[in-house]
Amino acid sequence: QVQLVESGGGVVQAGGSLRLSCAASGRTFSNYAMGWFRQAPGKERDFVAGINWPGNIVYYGDSVKGRFTISRDNAKNTVYLQMNSMKPEDTAVYYCAAAYGVSGGPQSPYDTWGQGTQVTVSS
């Protein structure tokens with residue numbers, strides 16, 4: 001079992017950058033794929049990025065390819081989302097999630113979630 005806590009959200013101007021962190025705690029981090037999702041007001045939850053265990057395969061939603069990078073530091077039990085060239089449409093609550101024993105793509109059975117962190121991009 002793993003618990004997740006996001007941090008790093010805030011307000012940034014269009015074209016700027018933010019880095020989100022997700023710290024995992026619990027019995028083990030091993031064999032968990034990790035992902036980032038986001039939900040804007042009045043919208044459905046969208047897949048942003050995913051990464052397998054131990055971190056040699058990554059996935060990205062079409063709207064963030066070339067701008068966002070997911071990575072993990074297994075020694076620190078932490079996953080990151082580096083967001084560059086940000087756009088107003090990136091404004092959302094961002095959630096970290098975990099899925100055991102799968103690849104981490106958008107159809108993986110993510111069932112453990114963090115509390116979310118607000119990201120706002122101003123124009």
Side-chain angles (χ1 to χ4, degrees):
Q1 195 83 312
V2 65
Q3 295 80 46
L4 308 175
V5 178
E6 302 98 333
S7 62
V11 180
V12 65
Q13 291 190 65
S17 297
L18 280 176
R19 188 195 195 200
L20 305 183
S21 298
C22 174
S25 62
R27 187 177 299 274
T28 182
F29 197 46
S30 298
N31 297 117
Y32 280 91
M34 302 295 297
W36 289 96
F37 295 76
R38 67 188 184 186
Q39 187 167 25
K43 302 288 186 67
E44 296 293 317
R45 184 185 65 197
D46 288 333
F47 175 80
V48 176
I51 187 167
N52 76 328
W53 173 268
N56 56 304
I57 304 172
V58 296
Y59 305 84
Y60 295 101
D62 288 342
S63 64
V64 307
K65 288 179 180 175
R67 300 189 298 122
F68 291 10
T69 303
I70 188 171
S71 62
R72 65 194 297 166
D73 185 337
N74 295 329
K76 296 181 178 179
N77 289 346
T78 301
V79 62
Y80 305 97
L81 185 68
Q82 178 66 48
M83 304 184 290
N84 298 326
S85 302
M86 298 192 72
K87 305 175 180 179
E89 49 262 50
D90 295 322
T91 295
V93 176
Y94 283 70
Y95 297 91
C96 178
Y100 185 80
V102 295
S103 70
Q107 304 306 123
S108 295
Y110 291 98
D111 59 4
T112 301
W113 299 84
Q115 83 287 353
T117 186
Q118 177 70 49
V119 172
T120 301
V121 184
S122 65
S123 59

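Sequential numbering from 1 along the given sequence is applied to the chain's residues.
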Between the OG atom in S123 and the CD atom in Q13, the distance rounded to the nearest 0.5 Å is 9.5 Å
Using only heavy-atom distances, determine whether the side chains of S103 and Y59 contain a donor-acceptor pair under 3.5 Å.
yes
Less than 3.5 Å apart, any donor N or O on the side chain of S63 or R38 sitting next to an acceptor on the other?
yes
Keeping N74 on the side-chain end and P54 on the backbone end, is there a donor-acceptor pair under 3.5 Å?
yes
Closest approach of R45 and Q39, non-hydrogen atoms and distance?
N-NE2, 4.0 Å
Do L20 and V2 share a hydrophobic cluster, counting only Ile, Leu, Val, Met, Phe, Trp and Tyr and linking them when any side-chain heavy atoms are less than 4.5 Å apart?
yes
Find out if a path of hydrophobic residues (ILVMFWY) with successive side-chain heavy-atom gaps under 4.5 Å connects Y95 to M83.
no
Any Lys/Arg nitrogen of K65 or D62 sitting under 4.0 Å from an Asp/Glu carboxylate oxygen of the other?
yes
Please answer whether the main-chain N or O of V121 pairs with a side-chain N or O of T91 as donor and acceptor at a distance below 3.5 Å.
yes
Are any non-hydrogen side-chain atoms of I70 and V79 less than 4.5 angstrom apart?
yes
Can you tell if the side chain of V12 reaches within under 4.5 Å of the side chain of S17, non-hydrogen atoms only?
no
Decide side chain to side chain contact (heavy atoms under 4.5 Å, CB included) for T69 and L81; before the verdict, give the C-alpha distance in whole Å, the side-chain angles of both, and the deciding distance to 0.1 Å.
CA-CA 6 Å; T69 303; L81 185 68; over 6 Å; no
Transitively linked via ILVMFWY side-chain contacts under 4.5 Å: V48 with Y110?
no
What do you reckon, is CD of Q107 surrounded by more than 12 foreign heavy atoms closer than 6.0 Å?
no
Please report the shortest heavy-atom distance between S108 and G104, naming the atom on each side.
OG-N, 3.1 Å
Between W53 and Y100, is any pair of side-chain heavy atoms under 4.5 Å apart?
no
Decide yes or no for Q115 and E6: does some side-chain heavy atom of the first lie under 4.5 Å from some side-chain heavy atom of the second?
yes
Indicate the atoms forming the closest heavy-atom contact of A97 with F37, along with that distance.
CB-CE1, 4.0 Å
Within 45 degrees of the ring normal and closer than 6.0 Å to the centroid, is that where the cationic atom of R72 sits relative to Y80?
no
Examine I51 and F29 and state if one hydrophobic cluster contains both, with Ile, Leu, Val, Met, Phe, Trp and Tyr joined whenever side-chain heavy atoms are less than 4.5 Å apart.
yes
Heavy-atom side-chain contact between F68 and N84 under 4.5 Å:
no
S21 versus T78, closest heavy-atom pair with distance
CB-CG2, 4.4 Å
Is there a side-chain contact between M34 and L4, using heavy atoms and a 4.5 Å cut-off?
yes
Does F47 reach the side chain of W36, with side-chain heavy atoms less than 4.5 Å apart?
no
Side-chain contact test, heavy atoms from C-beta onward, threshold under 4.5 Å: evaluate it for R67 versus D90 and give yes or no.
yes
Considering non-hydrogen atoms only, spot the tightest contact between I57 and N52 and give its length.
N-OD1, 2.9 Å
